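The structure appears below as structure tokens.
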Amino acid sequence: MTSALRRTLSTALASLAAVGALVLAEPAPLAAHAAACSPGTGVTVVVDFGSLGGGVVTGCYAGDPATGLAALTGSGFTVAGTQRWGLAFVCRINGMPTAATEPCVNTPPATAYWSYWHATPGGAWTYSSSGASSYNPAIGTVEGWRFGSGQQPSITAP
């Protein structure tokens, strides 16, 4: 094999590997704002990492998301589902909990899962009776997520 052919083959394999990595990776979230949305401009998303050793992170989905899952990912958070249910059941947000803590094979236990909430700005949190893949949040509302045994986010809806 000639040197030029080896270089061409090597470049082609490297490109193929890079494309494969992009296909297997989670989709990149859309551009997001790292704060609550201005009134009437989108859906604010609050993720409470408190029980996992983190704080509360707020993002903004600018516009009208089709689902709560779209609001979550479109406001800058990465999400992983379970092997059994896919993204119909949110298992990880921004890599939390870690794979060592929760393998995300099946539905996590009732003591350690991402609970899903809705609110109006400054209003009370309401536990979601729908999954994030089927709920359509309205512009101007707040979506909340908290890891644990079903507690509401620890902050007032911004």
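Since this is a predicted model, take the numbers as computed values, not measurements.
Of all the heavy atoms in R92 and P97, the pair that sits closest is NH1-O, 2.9 Å. The two atoms that bring A119 and G123 nearest to each other are CB-O, 4.2 Å, heavy atoms only. The heavy-atom pair separating S115 from Y127 by the smallest distance is CB-CE1, 3.7 Å. The minimum heavy-atom distance linking T82 with C91 is given by the pair CG2-CB, 3.9 Å. In terms of heavy-atom proximity, P108 sits nearest to Y113 at CB-CB, 4.3 Å. Across all non-hydrogen atoms, the minimal contact from L87 to A80 is CD2-C, 3.9 Å.
Applying the side-chain hydrogen bond (donor to acceptor under 3.5 Å, both in side chains) rule to pairs touching residues 37-55 yields D48-S154, sequence neighbours excluded.
Going from atom CZ of R84 over to atom SG of C104 covers 14.5 Å, rounded to the nearest 0.5 Å. Rounding to the nearest 0.5 angstrom, the gap separating the OG atom in S75 from the OH atom in Y61 is 9.5 Å. Note: W114 CH2 to M96 CE = 7.5 Å, rounded to the nearest 0.5 Å. Here the straight-line distance linking atom OG1 of T58 with atom CD1 of I155 works out to 4.5 Å at 0.5 Å rounding. Taken to the nearest 0.5 Å, the CG atom of L52 stands 11.0 Å off from the CD atom of E102.
Residues passing the side-chain hydrogen bond (donor to acceptor under 3.5 Å, both in side chains) test with N106 are W85, sequence neighbours excluded. Not counting sequence neighbours, the partners of Q151 by the side-chain contact (heavy atoms from CB on, under 4.5 Å) test are R146, S149. With sequence neighbours left out, the side-chain hydrogen bond (donor to acceptor under 3.5 Å, both in side chains) criterion links S133 to no other residue. For the side-chain hydrogen bond (donor to acceptor under 3.5 Å, both in side chains) test, no residue two or more places apart in sequence or in another chain qualifies with Y135. Contacts of N94 classified as side-chain contact (heavy atoms from CB on, under 4.5 Å), with partners at least two apart in sequence or in another chain: F49, F77, T78.
Using a 4.5 Å heavy-atom threshold, the side chains of N136 and T67 count as separate. Looking only at side-chain heavy atoms (C-beta outward), P121 and V142 come within less than 4.5 Å of each other. Residues V79 and L72 form a side-chain contact, since some pair of their non-hydrogen atoms from C-beta on lies under 4.5 Å apart. By the 4.5 Å heavy-atom criterion applied to side chains, W117 and S128 are not counted as neighbours. For the pair H118 and P137, the minimum side-chain heavy-atom distance is 4.5 Å or more. Counting heavy atoms from C-beta on, the side chains of W145 and V45 come closer than 4.5 Å.
Cluster membership check: V57 shares its hydrophobic cluster with Y116, using side-chain heavy-atom separations under 4.5 Å among Ile, Leu, Val, Met, Phe, Trp and Tyr.
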>> Please evaluate residues I93 and F147 with respect to the criterion side chain to side chain contact (heavy atoms under 4.5 Å, CB included), reporting the C-alpha separation (whole Å), side-chain torsions for both, the decisive distance (0.1 Å), and the verdict.
In response: CA-CA 9 Å; I93 300 176; F147 190 82; over 6 Å; no

>> If you apply the rule side chain to side chain contact (heavy atoms under 4.5 Å, CB included), what do you find for V46 with E143, and how did you get there?
In response: CA-CA 6 Å; V46 172; E143 299 281 276; over 6 Å; no

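In this structure a side-chain-to-backbone donor-acceptor pair under 3.5 Å is missing from S134 to S130.
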